[in-house]
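Okay, structure first, notes after.
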2 protein chains.
Amino acid sequence: MIVVKTEPSRIGLRVDAQHNRDRILEVAADAFAELGLDVPMIEIARRAEVGVATLYRRFPTKSALVHEVFADQLTTCAAAVDDGLADPDPWRGFCSVIEKICAMQVADRGFTAVFLSTFPEREANVAERARAERQFAELVRRAKEAGKLRRDFAHSDLTLLIMANNGVAGSAGEAAAAASRRLVGYLLQSFRAEQAQPLPAPAPINLQDLFCRS
Amino acid sequence: MIVVKTEPSRIGLRVDAQHNRDRILEVAADAFAELGLDVPMIEIARRAEVGVATLYRRFPTKSALVHEVFADQLTTCAAAVDDGLADPDPWRGFCSVIEKICAMQVADRGFTAVFLSTFPEREANVAERARAERQFAELVRRAKEAGKLRRDFAHSDLTLLIMANNGVAGSAGEAAAAASRRLVGYLLQSFRAEQAQPLPAPAPINLQDLFCRS
DNA sequence: CCGCAAGTGGAGAGCCTTTTCCGATTACCG
DNA sequence: CGGTAATCGGAAAAGGCTCTCCACTTGCGG
């Protein structure tokens, strides 16, 4: 009989190794959230009480570790979109998606860079991400249909908002949460259909761009 | 007779040294704008065609060079505020200030971090900065008075906008200019008095925060 | 035109990162 | 138990940065 581990991450590891691997992912998530993506590997090693070599034996590069850690962040995001789509009021759903995603960004300093990158190293994420985007597009369509969301809201405006919120989340220190809420408050008001005024053209924002920064 | 140099920056330098100093400031400004504040000193040295030692003889630290370079950026900002205040229509003046500052941010990658820091190392800048802030506060007062700017616009909302725009400017690559314009377009619409809806409380944003990032 | 203080550039010290190496240790199967 | 392959952790290699040191060069007053 083949024993399937609780985590489908890696089978065939010695139990102590598996244990270490799990703890690494755990503390790495905390460290990235707290200190940002540029926390040194040795700091993660210290927190997990292992040597750096152990990190590199499980994850070939730092980038691989990052992507592994944030795989489920993406899932949480996708869930937020699903929730929004499930709301009978598409406008309320739209607002809740944006509010949730922005709150996640504030709570986790490493979140944005990884969220907006396309995870080239993990096939599964690409698919999930694409699905979430389709769902969101559908939500946008319904909200416009209902006359609540302005007609000229562009798909790229979500990215714009995320980039803007990232600026606030990264810079506002203690007050980041409050600042982000206020920014989102302002932007949601200008997204409403009732008060739409002509606007500069939407920018063809490349999602990759956020990645190469930081 | 005492000879006063054209640049009041440093008198008593040998002419070749003064020449080098000027060129360093010149190319450093370009380099910061192009590559951001984290461009290596050796790159600036290369561009100015001097050795790194020459950089450090004129500017004790990299930070000192940065502050020196951005001293006149602050002046440009202050001028933008003055222009806005001079406009007979305070709302139009308010918009122009914000549009100008945001455009500067996009054009110059190093701008924001320095702009929002308090320049602890340069007395003169502190005063000029304080003056600009008073001017802007007055502009805000008038715009509210005229019934164009929403009453609950907070002083910290300018900082919020600058942080948000910084996120866009830093992340949007090629499309940064268009993205920034659109963000500013959205936000200016929600700053208008007519369509004000209740908003989350303004955040007590600490200007210093941007500095310790990056 | 000469002497020397002021100025110079490149090598490298010191520090921080990511990533690799390797001898010591340990889980696990029989 | 005991042998062995998997796993371990710390040391250090490799490469980035800021900033310093020092032997050489040069503008300029007399």
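In what follows, every heavy atom counts, from backbone to side chain, and hydrogens, waters and symmetry copies are set aside.
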Between protein and nucleic acid, restricted to nucleotides 16-18 of chain D and to nitrogen or oxygen atoms under 3.5 Å apart, what atom pairs and distances do you find?
residue, atom, partner, partner atom, Å
D/dT18, OP1, B/Lys62, NZ, 2.7
D/dT18, OP2, B/Met41, N, 3.0

- Taking side chain as C-beta onward, heavy atoms only, is A/Ile101 less than 4.5 Å from A/Cys77? yes

- Atom CD1 of A/Ile42 with >12 non-hydrogen neighbours under 6.0 angstrom: no

- Message: List the residues meeting side chain to side chain donor-acceptor pair (under 3.5 Å) with A/Arg181, not counting sequence neighbours, and say none if there are none.
- Response: none

- In short, the helix from C/dC1-D/dG30 to C/dG30-D/dC1 is bent end to end, axes from five pairs each side, to 10°, by 0°

- Message: Closer than 4.0 angstrom, basic N to acidic O: yes or no for A/Glu138 and A/Arg142?
- Response: yes

- If you look at every strand shown and take non-hydrogen atoms under 4.0 Å, does B/Val50 touch a base, only sugar-phosphate, or nothing? sugar-phosphate

- Kindly say if A/Arg58 contacts the phosphate of D/dC8, meaning a side-chain N or O under 4.0 Å from OP1 or OP2. yes

- Message: Any heavy-atom pair between the side chains of A/Ile98 and A/Leu158 that's under 4.5 Å?
- Response: yes

- Query: Which pairs count as side-chain hydrogen bond (donor to acceptor under 3.5 Å, both in side chains) when at least one residue sits in residues 93-102 of chain A, sequence neighbours excluded?
  - Reply: A/Asp83-A/Lys100

- List in chain and number order the residues that pass side-chain contact (heavy atoms from CB on, under 4.5 Å) with A/Pro60, two or more places apart in sequence or in another chain; answer none if no residue qualifies. A/Ala64

- Message: At 4.0 Å (heavy atoms only), tell me whether A/Glu49 reaches a base, stays on the sugar-phosphate, or touches nothing.
- Response: sugar-phosphate

- Item | Considering all heavy atoms, the nearest A/Ala48-A/Val27 contact | CB-CG2, 3.6 Å

- Message: I'd like to check the side-chain contact (heavy atoms from CB on, under 4.5 Å) partners of B/Ala103; sequence neighbours left out, ordered by chain and number.
- Response: none

- Query: For DNA chain D, what residues of residues 27-36 of chain A have any heavy atom nearer than 4.0 Å?
  - Reply: none

- Message: Under 4.0 Å from a heavy atom of chain B: give me the 5'-most and 3'-most nucleotides of DNA chain C that qualify.
- Response: C/dA6 to C/dA11

- Backbone of B/Ile162 reached by a side-chain donor or acceptor of B/Gln105 within 3.5 Å: yes

- If a pair satisfies ring pair (Phe, Tyr, Trp, His ring centres under 6.0 Å) and one of its residues is in residues 161-191 of chain B, list it, with sequence neighbours excluded. A/Tyr186-B/Phe191, A/Phe191-B/Tyr186, B/Phe153-B/Phe191

- Item | Closest heavy-atom pair and its distance - A/Arg58, A/Ala17 | NH2-CB, 3.6 Å

- Query: Looking at CG of B/Asp87 and CG of B/Asp82, how far apart are the two atoms once the value is rounded to the nearest 0.5 Å?
  - Reply: 13.0 Å

- Residues two or more places apart in sequence or in another chain: which of them pass side chain to side chain donor-acceptor pair (under 3.5 Å) with A/Glu26? none

- Message: D/dT7, OP1 or OP2 - any side-chain N/O from A/Asn20 closer than 4.0 Å?
- Response: no

- Message: Restricting to side chain to side chain donor-acceptor pair (under 3.5 Å), what partner residues turn up for B/Arg23, sequence neighbours left out?
- Response: B/Asn20

- Message: For the CD1 atom of A/Ile44 and the CZ atom of A/Phe59, what is their distance to the nearest 0.5 Å?
- Response: 9.5 Å

- With a non-hydrogen cut-off below 4.0 angstrom, is B/Ala17 in contact with a base, only sugar-phosphate, or nothing? sugar-phosphate

- Query: CG of A/Leu55 versus C1' of D/dC8: gap in Å, rounded?
  - Reply: 13 Å

- 5' to 3', nucleotides 24-30 of chain D under a 4.0 Å protein heavy-atom cut-off (B base, S sugar-phosphate only, - none) gives --BSS--

